[in-house]
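Written below as structure tokens is the structure these notes are about.
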Amino acid sequence: MVDEQFDVCVVGSGAGGAPVACLLAEAGLKVLLLERGPNRRHRDFYVDEKRNLTGDFWRPHVNLHRHVLYQPGIGRTELTNSTIPATCVGGGTVQMAAYFHRMHADDLRMRSVHGELAGANVADWPFDYSELSPFYTKVARLIGISGTDGRNPYAPPGDGDGSLPPLANHPIAERIEQACTGLGLHPFKSSMAILPVEHDGRAPCFYCRFCANYGCPTKSKGSTAVTFVRKALASGNCELRTACFVFRIELDRHGHAGRVHYISKGGSRHAAGAKLVCLACSAIETARLLLLSATPTQPNGLANSSGQLGRNLMFSAHSDVSAFVRFGEATDPLRNKNHFVLRSIQDFYRLPHPHWPDGQVPHPAGGTISFYAPADNIAAKAKRVAQVQGSQPLWGRDLKEAIRTRLRDSYMFGFETFGEFLPNEQTRVALSSNYKDQWGFPIAHVTVRPHPATRASNHYLTARGIEILQAMEIDREDIVEHSIGSINPVLIYGTCRAGDDRTTAVLNRWCRSHDVPNLFVTDGSFMPTSGGVPGTFTIMANALRVAEHIRDEELARLL
Amino acid sequence: MRRDRADHKWVTRRRFLTGSAMVAGGLAAGGGLYTAMQRLRDGHHAGPQFFQPDQFDQLEAACERVLPSDHDPGARAVGAAHYIDQLLDEDDFVGDFLQWREVFRRGLRFLENQSQATYGAHFASLDAAAQDAVIAACPDRRFLRVLIEATLDGVFYDPFYGGNRDEAGWRMVAFSPRASFRSKGPGSA
């Protein structure tokens with residue numbers, strides 16, 4: 001039987017895969033885009049908290065696909081699907097909150113600028129920020145990013161280039177500004193991949209208040225489904241196949257990735273031939289696919305001569321703190337329904353040593369504090385008020401009073417921290433020896449062992465955020481800490497780090513495998529360090545960078 | 001649009017029919033049909049699916065203690081126990097929640113046994129203060145946590161899932177998802 005033949009096969013249609021599929025399809029190549037999830041349409045995007053926050057709408061049912069998540073630090077092993085970003089066309093970008101910050105120039109040179117750290121595996125990126133910067137601008141122009149305001153003194157060069165005007169914000173932002181300024185900090189407007197004005201045929205945001213964990217019913221959120229994938233399909237050169245799970249990349253006799261094996265809906269198996277294969281299944285699933293593709297000649301996993309495949313897994317270090325401010329009279333501006341708080345600070349992006357209390361591991365990697373107001377997930381908010389995870393949950397008349405006070409009579413907002421997660425070899429992806437997915441393939445065994453400095457810096461960031469809330473004259477009892485020094489399980493990086501040295505890196509500077517000359521990886525897997533911002537913008541920019549390189553430099557060699 | 005859940009994988013046939021009926025109810029302009037649909041849905045609430053009738057009475061009483069009625073309806077009137085009953089009755093009820101069935105069965109058994117031992121009466125028939133004391137005496141802390149969590153879900157999740165009757169839970173906190181979807185822009189209150 002002769003396989004179908006394509007020029008390019010891209011696996012995964014999220015932030016890493018879609019830009020590659022789009023650019024190469026527009027360049028005239030015949031592209032096959034495989035996505036394991038379904039194609040969600042905007043009529044699927046309605047407000048239903050249970051469906052969007054639990055269950056199997058965004059990710060496979062936990063009986064069908066899951067990860068083993070092992071966190072030795074907190075003595076917890078669980079079978080979970082929480083480390084799987086949304087499984088649908090567009091991937092995690094469909095239900096993202098959509099903070100789009102650039103990385104800083106020294107994020108790409110953590111080792112040269114800030115030195116080594118015992119117990120961590122800090123490395124420089126194989127290219128400079130100046131190479132990445134123009135692609136941030138291109139992404140901004142293509143998908144439409146609401147801009148910042150140029151007030152961030154720590155902003156990297158080119159920040160805000162190509163952006164649209166900022167979104168409108170809630171009046172609480174003024175009070176955050178005052179508090180920050182009073183503390184000598186430098187608040188600025190967060191840029192988001194949400195349209196403040198019409199752009200490229202997509203409607204502007206209508207401020208419905210449901211972004212994170214929800215799909216956008218007006219396509220105002222710049223998911224890859226309504227941007228890159230749509231353009232790829234419009235080119236006429238890209239074929240999108242949904243509900244197709246890729247389980248193996250097969251090498252041909254020249255050692256090139258020749259065939260992509262996948263299972264389509266209903267369970268039938270197929271193979272497609274491609275001259276160039278690009279993986280973007282999220283850092284955990286990409287590593288798993290390469291491990292599953294081991295051969296007698298590459299027994300430790302495809303493209304793993306360095307032994308680094310699956311290692312140096314990173315997340316965004318994450319804390320989440322809420323605050324409640326009682327409404328005044330009926331005309332209180334806090335009753336405004338706009339939910340974008342839209343303020344961030346990067347004053348603690350680098351932590352000078354004097355910040356550190358005695359005995360802490362000194363490393364300057366900090367992060368971003370972003371203020372936000374959560375969507376009106378009433379049950380989730382009520383459960384937070386009841387502190388069901390705490391040792392003394394609230395119930396009875398007290399609970400009912402508290403729910404009315406907090407949810408009906410107060411404005412709820414808060415902040416998240418996006419901190420650097422220092423890479424280390426113990427935080428990694430391996431194949432589970434005990435558990436299999438619905439097709440019988442071993443699932444990913446994910447071990448998360450944050451470096452002490454990661455946790456310490458996140459606690460530090462969180463404490464600074466709480467100081468800002470207190471400077472807004474919010475009582476300590478109205479400030480509720482939900483998670484501190486935790487991880488954001490869907491902002492995933494590492495596992496196939498890029499570097500010039502093939503003995504320590506899986507990919508080269510163009511995110512091409514050192515071992516397999518026509519195999520590329522363009523999701524967050526390539527990142528040697530995580531940076532102190534959510535990585536989605538960076539993943540898209542890098543994917544465009546790689547795609548342009550493939551189009552301009554590699555085609556003649558490969559096709 | 002919000003009621004179109006035919007693609008929803010774990011919608012049981014019974015729920016799907018209820019859902020379809022509610023689409024019709026939502027579309028009909030006349031209040032009469034809506035009332036009829038409401039009655040249909042209440043009729044569906046007539047008997048518990050997962051719990052035995054006596055267990056269900058205990059559950060309703062316990063939920064009511066988590067969120068008692070005052071000038072706003074409590075968990076019983078909002079139908080939180082119906083939500084829990086439907087949830088536990090799902091075929092592919094999974095994940096962390098797998099243990100919930102057992103936690104509820106054991107917890108309710110404790111409530112009843114403790115009531116009989118202390119007061120010589122059914123838990124459901126005790127007065128509020130006595131019920132509170134019995135719940136607080138439960139040695140399994142998980143039961144209280146799960147009871148609170150599930151009750152709040154039943155009060156505040158979409159009425160589609162069996163609780164939040166007449167959206168009373170949402171009205172308690174002045175929330176309307178439809179109102180937010182009608183938002184005209186950043187300034188509108």
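Letters go in sequence order (proteins before strands), and every chain restarts at 1. Just so it is clear, the values below take in all heavy atoms, side chains as well, and ignore hydrogens, waters and symmetry mates.
- Taking the six-membered ring wherever Trp is involved, the centroid distance between the rings of A:Y207 and A:F340 falls below 6.0 Å.
- Below 30°, between 30° and 60°, or above 60°: for A:W58 and A:F45 the angle between ring planes is below 30°, a parallel geometry.
- A:H67 and A:T80 share no donor-acceptor pair across their side chains, judged by distance under 3.5 Å alone.
- Contact of B:L147 with chain A is not made at all, since no heavy-atom distance falls under 4.5 Å.
- Listed options A:P393, A:P204, A:A382 were ranked by heavy-atom pairs under 4.5 angstrom with chain B; first place goes to A:A382.
- If you measure heavy-atom distances from A:L167 to chain B, you find no contacts under 4.5 Å at all.
- Between A:Y411 and A:F413, the angle of the ring planes stays under 30°, which puts this pair in the parallel group of the 30/60° scheme.
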